[in-house]
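Numbers for residues simply follow the sequence, beginning at 1. In what follows, every heavy atom counts, from backbone to side chain, and hydrogens, waters and symmetry copies are set aside.
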Amino acid sequence: MLLKFFLICCKIGAFTLGGGYAMIPIMEKEFVDKKQWMNKQEFLDIMVVSQTTPGIFSIDMASHIGYKLKGIWGGIVGALGIALPSIIAILLIAMCFHHIEDNEYVAKFFKGVRPAVVALIAAPCFTMAKTAKVNKYNCWIPVVACLLIALFNVSPIWIIMVAGISGYLYGQLKKDKA
């Protein structure tokens with residue numbers, strides 16, 4: 001299973017453009033839908049933990065998924081599987097890029113990839129909203145969080161801390177009323 005997990009992580013790392021957030025729907029499709037190694041809620045939990053831990057998001061995701069599946073070795077294999085294609089690609093690009101950076105076709109390629117990357121990042125947001133049970137009563141929370149980050153440069157760490165404390169206090173308030 002470790003070899004299969006490693007190969008899937010290599011495939012995801014090699015063929016996903018746009019970084020960690022663009023990998024979310026592909027990881028979900030592979031590990032939740034196809035392999036059924038975890039359910040959607042477990043995947044969402046791992047995603048939340050991965051967002052709050054320091055480091056590269058995609059490597060955090062792969063290592064947390066691997067750890068859930070096969071312990072320490074699974075975590076190591078997942079991190080290596082996701083990172084290895086990027087390391088190889090970066091080395092190859094670094095060796096060749098100064099020869100092709102002014103090429104009009106390369107520039108056009110990067111302009112064409114940008115909108116696709118935005119779509120790949122936006123798609124899991126809608127899936128996460130369903131899984132996280134965002135509805136008409138609480139949809140203001142992610143909107144306010146995005147506005148605070150984009151307009152006022154508030155650190156996501158503060159938003160996570162305030163949201164966590166507020167959620168705890170809200171839960172306590174509801175428990176006291178019941």
Side-chain angles (χ1 to χ4, degrees), residues 1-97 109-110 112-135 138 141-142 145-146 149 155-157 159-161 163-164 167-168 171:
M1 180 185 174
L2 278 175
L3 179 61
K4 186 180 277 189
F5 179 61
F6 176 78
L7 293 174
I8 291 170
C9 287
C10 280
K11 178 179 79 171
I12 292 169
F15 296 107
T16 306
L17 298 174
Y21 290 100
M23 292 180 181
I24 293 170
I26 297 163
M27 286 180 156
E28 184 177 16
K29 183 184 284 184
E30 287 290 335
F31 302 130
V32 176
D33 300 335
K34 285 184 181 177
K35 299 295 180 200
Q36 297 180 344
W37 287 341
M38 64 185 59
N39 62 41
K40 284 188 186 269
Q41 187 59 49
E42 289 171 320
F43 184 82
L44 180 64
D45 292 343
I46 287 172
M47 192 173 63
V48 169
V49 170
S50 297
Q51 287 176 322
T52 59
T53 54
I56 300 167
F57 178 67
S58 59
I59 293 175
D60 287 349
M61 281 287 293
S63 63
H64 283 90
I65 290 169
Y67 184 79
K68 183 208 177 297
L69 298 176
K70 285 291 185 182
I72 295 282
W73 285 111
I76 292 169
V77 164
L80 287 173
I82 285 288
L84 192 60
S86 296
I87 292 168
I88 293 169
I90 288 168
L91 287 173
L92 291 173
I93 290 169
M95 292 185 324
C96 301
F97 190 70
F109 171 79
F110 283 116
V113 167
R114 286 183 194 133
V117 170
V118 170
L120 286 170
I121 293 170
C125 292
F126 296 109
T127 303
M128 285 187 299
K130 290 178 192 171
T131 307
K133 298 181 175 97
V134 174
N135 57 40
N138 62 8
I141 297 170
C146 288
I149 293 168
S155 170
I157 294 169
I159 292 171
I160 291 168
M161 288 174 36
Y168 173 78

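The minimum heavy-atom distance between Ala62 and Ala79, with the atom names listed, is CB-N, 4.2 Å. The two residues Ile72 and Tyr67 have their closest heavy-atom pair at N-CD1, 3.6 Å. The two residues Phe5 and Gly78 come nearest to each other via the heavy atoms CE2-CA, 3.3 Å.
Screening residues 83-97 for side-chain hydrogen bond (donor to acceptor under 3.5 Å, both in side chains), with sequence neighbours left out, gives no hits.
Among Ile76, Ile82, Leu84, Val77, the single residue meeting the side chain to side chain contact (heavy atoms under 4.5 Å, CB included) criterion with Leu80 is Ile76.
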Kindly list each side-chain donor-acceptor pair under 3.5 angstrom involving residues 51-59, sequence neighbours excluded, with atom names and distances?
residue, atom, partner, partner atom, Å
Thr52, OG1, Val48, O, 3.4
Thr52, OG1, Val49, O, 2.9
Thr53, OG1, Val49, O, 3.3
Thr53, OG1, Ser50, O, 3.2
Thr53, OG1, Asp60, OD2, 3.1

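Between the side chain of Glu42 and the main chain of Asn39, a donor-acceptor pair closer than 3.5 Å is present.
At a threshold of 4.5 Å between non-hydrogen side-chain atoms, the residues Lys130 and Lys40 do not count as touching. The shortest distance between side-chain heavy atoms of Met27 and Met47 does not fall below 4.5 Å.
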(request) Test Gln41 against Leu44 for side-chain contact (heavy atoms from CB on, under 4.5 Å), laying out the working first. (result) CA-CA 5 Å; Gln41 187 59 49; Leu44 180 64; 4.1 Å; yes
(message) Could you go through Lys34 and Ile8, starting from their C-alpha distance and side-chain angles, then the distance that decides it, and tell me whether this counts as side-chain contact (heavy atoms from CB on, under 4.5 Å)?
(response) CA-CA 11 Å; Lys34 285 184 181 177; Ile8 291 170; over 6 Å; no
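Other residues, nucleotides and ligands contribute more than 12 heavy atoms inside 6.0 Å of the NZ atom of Lys68. Applying the 6.0 Å contact sphere to CD1 of Ile157 captures no more than 12 heavy atoms from other residues, nucleotides or ligands.
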